[in-house]
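Positions are given from 1, in the same order as the sequence printed here. Values in this document were obtained by computation on a predicted structure and should not be read as measured data.
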Amino acid sequence: LVETRNADTRTVQFAAVNTLKNEVLWNSLDLGDDWWRGLETMTNKYLVLHGFEDSHNPVSSGIYVFDLFTGNKIYANDHSTFIALAEDVLVEKLLVDNEERCTEINLVSGQQSIMAMPLAVPRDGEVHVLIPNYLETGEPNFDKIVAFIQRYQITEQIGSIEYLETNGHIAIAWVAQQADQLNQYLMLVDGTGHLLIQELIGENLKGKSPGAFLIAHDTIAFVKDRSKLWYCQL
């Protein structure tokens with residue numbers, strides 16, 4: 001899956017490529033104002049995108065499910081939050097009368113049912129994409145993660161963090177204030193605390209937003225300098 005953004009024209013394009021056959025499966029999606037859409041997860045059948053609460057808030061809101069191989073829209077809800085996708089069953093969260101409720105949607109039959117808020121999030125048998133948690137100053141564990149970053153002689157003032165633990169590794173990206181500009185960094189640490197990657201991946205950012213990296217098939221991938229795709233197998 002390829003996502004290409006042009007901040008000057010505020011346009012975004014999604015495309016799916018079969019790398020084994022070197023062919024484009026599709027190169028457009030029915031999204032409306034698609035600038036405010038981002039990748040939530042992907043399985044071997046479905047692509048799930050999310051929206052945002054508003055143009056100034058990086059908190060996800062809205063679910064958009066597509067057939068991975070055709071790009072056809074299967075399900076959309078502008079007001080729900082993604083919880084899980086296992087096989088053909090999507091679980092979403094809604095706020096109804098100030099009360100959180102979860103709904104199960106069968107993406108094949110279309111049948112829906114209300115369910116109790118799950119204590120644990122169900123997972124598909126094979127998870128293709130892992131998205132890091134996004135944290136701002138003052139949120140739980142923010143200071144703890146900052147302290148971990150500072151173990152590696154990082155001294156910049158950190159304003160937001162993306163954090164993910166998987167396969168015995170810790171991956172962290174952060175946005176730091178330096179002089180009058182925002183810069184973004186990424187680090188990857190193994191289970192023994194050994195620093196594998198430490199990179200400046202973006203300079204003079206226009207703002208703080210999630211999406212610095214993801215992990216797919218035990219490979220961490222990120223874009224450096226808005227133009228170069230880097231990846232490293234864990």
Side-chain angles (χ1 to χ4, degrees), residues 38-42 48 50-63 80-85 91-95 98-100 102 116-124 127-178 181-202 205-216 218-224 230 232 234:
L39 175 65
E40 181 70 47
T41 191
M42 183 170 66
V48 183
H50 64 78
F52 296 98
E53 284 192 357
D54 57 61
S55 59
H56 303 289
N57 194 335
V59 176
S60 297
S61 179
I63 299 175
S80 63
T81 303
F82 177 83
I83 297 295
L85 176 59
V91 181
E92 66 178 7
K93 179 177 70 176
L94 290 152
L95 188 64
N98 294 319
E99 180 182 348
E100 290 186 340
C102 279
M117 186 67 67
L119 297 177
V121 176
R123 296 289 185 183
D124 198 355
V127 177
H128 292 260
V129 179
L130 299 175
I131 306 297
N133 295 312
Y134 181 85
L135 300 172
E136 292 269 10
T137 305
E139 294 188 54
N141 296 320
F142 182 88
D143 292 339
K144 182 179 179 180
I145 299 172
V146 169
F148 178 84
I149 296 171
Q150 291 173 342
R151 294 184 196 175
Y152 297 87
Q153 287 73 55
I154 307 298
T155 60
E156 293 86 5
Q157 181 181 352
I158 297 174
S160 64
I161 292 171
E162 292 178 77
Y163 181 88
L164 183 61
E165 289 187 51
T166 183
N167 198 23
H169 291 73
I170 298 174
I172 308 174
W174 65 93
V175 174
Q177 181 78 45
Q178 293 179 309
Q181 70 179 43
L182 295 175
N183 295 331
Q184 191 168 50
Y185 298 83
L186 180 139
M187 66 188 300
L188 178 68
V189 179
D190 66 16
T192 66
H194 180 65
L195 185 64
L196 303 176
I197 297 175
Q198 183 177 326
E199 292 285 339
L200 171 63
I201 61 174
L205 305 181
K206 295 183 178 180
K208 296 181 296 182
S209 64
F213 71 93
L214 54 78
I215 292 178
D218 293 330
T219 298
I220 184 170
F222 57 94
V223 174
K224 185 174 180 179
W230 286 45
C232 175
L234 303 182

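Across A176 and Y185, no two heavy atoms sit closer than the pair CB-CE1, 4.2 Å. In this structure, E162 and P132 approach most closely via the heavy-atom pair OE1-CG, 3.6 Å. Considering every non-hydrogen atom in both I131 and L164, the closest pair reads O-CD1, 4.2 Å. The two residues T41 and L39 have their closest heavy-atom pair at O-CD1, 3.7 Å. Minimum interatomic distance between S160 and Y134 (heavy atoms only, all atoms of both residues): CB-OH, 3.5 Å. The two residues A171 and L188 make their nearest non-hydrogen contact at CB-CD1, 4.0 Å.
Between W174 and I154, the closest side-chain pair of non-hydrogen atoms falls below 4.5 Å. H169 has its side chain within reach of L196: a pair of non-hydrogen atoms, C-beta onward, lies under 4.5 Å apart. V189 is listed as a side-chain neighbour of F148, based on a closest heavy-atom distance under 4.5 Å. No side-chain heavy atom of L186 sits less than 4.5 Å from a side-chain heavy atom of Q184. Inter-residue side-chain proximity for I63 and V48 is flagged as met; some heavy-atom pair is nearer than 4.5 Å.
Between the E92 side chain and the S80 main chain, no donor and acceptor come within less than 3.5 Å of each other. Between the side chain of H194 and the main chain of T192, no donor-acceptor pair closer than 3.5 Å is present.
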- Message: As a quick check of understanding, evaluate side-chain contact (heavy atoms from CB on, under 4.5 Å) for H50 and F82, giving each step before the final call.
- Response: CA-CA 8 Å; H50 64 78; F82 177 83; 5.9 Å; no

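Every pair passing salt bridge (Lys or Arg N to Asp or Glu O under 4.0 Å) that includes a residue from residues 187-201 is listed here, sequence neighbours excluded: E199-K224.
Side-chain N/O atoms of Q177 and Q157 include no donor and acceptor closer than 3.5 Å.
Between atom CZ of residue F213 and atom CG of residue L130 there is a gap of 9.5 Å, rounded to the nearest 0.5 Å. One finds the CD atom of E165 at 12.0 Å from the CG atom of N167 (value rounded to the nearest 0.5 Å). Expressed to the nearest 0.5 Å, how far CG of L200 lies from CG of N183 amounts to 5.5 Å. We find the OH-CD1 distance between Y163 and I149 to be 9.5 Å, quoted to the nearest 0.5 Å. Taking CG from D143 and OG1 from T137, the interatomic distance works out to 8.0 Å, rounded to the nearest 0.5 Å. Expressed to the nearest 0.5 Å, how far SG of C102 lies from CD1 of I83 amounts to 5.0 Å.
Between V175 and the choices I161, I158, L182, the side-chain contact (heavy atoms from CB on, under 4.5 Å) rule is met once, by L182.
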